[in-house]
Structure formats: structure tokens, C-alpha cells
Trainee: 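One structure coming up, written as C-alpha cells, with questions to follow.
Basis for what follows: all heavy atoms, side chains included, without hydrogens, waters or symmetry-related copies.
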Amino acid sequence: MPKIFELNGYKFFFFSNEGIPREPCHIHVRKGEQLAKFWIDPAVRLDFSWGINPGELNRLEEIIEQHEEMIRRKWDEYFSS
């Protein structure tokens with residue numbers, strides 16, 4: 001489970017096994033028992049969440065959009081090796 005970055009107590013990460021065939025680029029976010037998954041391709045959007053209020057989900061989406069280029073680069077580096 002490669003961690004991409006951490007911010008405000010949230011960990012942004014990929015799972016090592018992202019399905020066969022591999023799912024499109026996305027990122028998981030966790031803080032304690034709270035969890036969300038955001039698609040990056042074709043655009044940043046929420047897939048699902050557990051225990052995170054709508055305002056915080058909006059903030060997480062903004063954070064992901066701000067780091068989108070780095071997330072895509074890390075995804076490509078990790079899954080192409």
C-alpha cells in the first residue's frame with residue numbers, strides 16, 4: 001500500500017493490487033475509520049466514501065485536484081515498474 005502523501009491527518013495512497021485488469025488512475029484517502037476513493041481519470045470525482053461529511057469530501061477533492069499531477073506521476077511510476 002504505497003502512501004503518496006499525508007495532509008491534515010489524511011493518508012493518500014494506492015493499493016498494491018488494483019485489480020485485473022487494473023482500474024484507471026485513482027487514489028484512496030483514510031483518516032482513522034474514515035475512508036474515500038476518488039477517481040483521477042478522466043477527471044477528479046468521488047467514487048465512494050465512508051464516515052466523511054460532505055464539506056470535508058469537497059475539501060479532499062480540492063486537495064486531490066491540487067496534487068493531481070503528482071498523483072498521476074506516482075501512479076505511473078508505481079504501476080509501470
Side-chain angles (χ1 to χ4, degrees):
M1 177 170 65
K3 182 172 76 171
I4 306 310
F5 65 99
E6 193 167 341
L7 186 66
N8 300 329
Y10 285 98
K11 293 179 182 162
F12 296 77
F13 63 95
F14 307 136
F15 283 111
S16 294
N17 178 0
E18 289 290 357
I20 299 175
R22 185 174 309 116
E23 294 182 339
C25 185
H26 63 277
I27 194 155
H28 300 268
V29 183
R30 179 184 299 270
K31 182 177 184 181
E33 296 298 314
Q34 300 173 328
L35 180 65
K37 176 181 175 182
F38 288 86
W39 295 107
I40 306 298
D41 281 335
V44 176
R45 72 185 193 298
L46 179 66
D47 181 40
F48 73 84
S49 70
W50 178 262
I52 305 174
N53 70 56
E56 193 66 8
L57 287 169
N58 288 335
R59 178 69 184 126
L60 291 170
E61 187 171 319
E62 290 172 4
I63 291 167
I64 292 167
E65 287 171 345
Q66 292 167 359
H67 293 85
E68 182 178 354
E69 184 179 315
M70 185 231 346
I71 293 167
R72 288 177 186 276
R73 185 178 71 251
K74 296 285 189 178
W75 177 276
D76 290 341
E77 287 171 4
Y78 186 79
F79 288 108
S80 66
S81 57

Trainee: Could you tell me if the side chain of Ile4 sits less than 4.5 Å from the side chain of Trp75, heavy atoms only?
Mentor: no

Trainee: In chain order, what residues pass the ring-ring contact (aromatic ring centres under 6.0 Å, His included) check against Phe12, with sequence neighbours excluded?
Mentor: Phe5

Trainee: Is there a side-chain contact between Arg59 and Ile63 (heavy atoms, below 4.5 Å)?
Mentor: yes

Trainee: To the nearest 0.5 Å, how far apart are CD in Glu68 and SG in Cys25?
Mentor: 8.0 Å

Trainee: Going from CD on Gln66 to CG on Leu7, what distance comes out if it is rounded to the nearest 0.5 angstrom?
Mentor: 8.5 Å

Trainee: Taking the side chain as everything from C-beta on, heavy atoms only, tell me whether Val29 gets closer than 4.5 Å to Ile52.
Mentor: no

Trainee: Nearest 0.5 Å please: distance from the CD atom of Glu61 over to the CZ atom of Arg45.
Mentor: 10.0 Å

Trainee: Can you tell me how far the CD1 atom of Ile40 sits from the CD atom of Glu65, to the nearest 0.5 Å?
Mentor: 9.0 Å

Trainee: With a 4.5 Å limit on heavy-atom distance, are the side chains of His26 and Asp47 in contact?
Mentor: no

Trainee: Taking the side chain as everything from C-beta on, heavy atoms only, tell me whether Phe38 gets closer than 4.5 Å to Leu60.
Mentor: yes

Trainee: Kindly compute the distance separating CZ (Phe79) from CD (Glu23), expressed to the nearest 0.5 Å.
Mentor: 9.5 Å

Trainee: Got a second to check how far Glu69's CD is from Lys74's NZ, nearest 0.5 Å?
Mentor: 12.5 Å

Trainee: Whether Lys31 engages the ring of Tyr10 as a cation-pi pair (distance to the six-membered ring centre under 6.0 angstrom, angle to the ring normal within 45°) should be assessed.
Mentor: yes

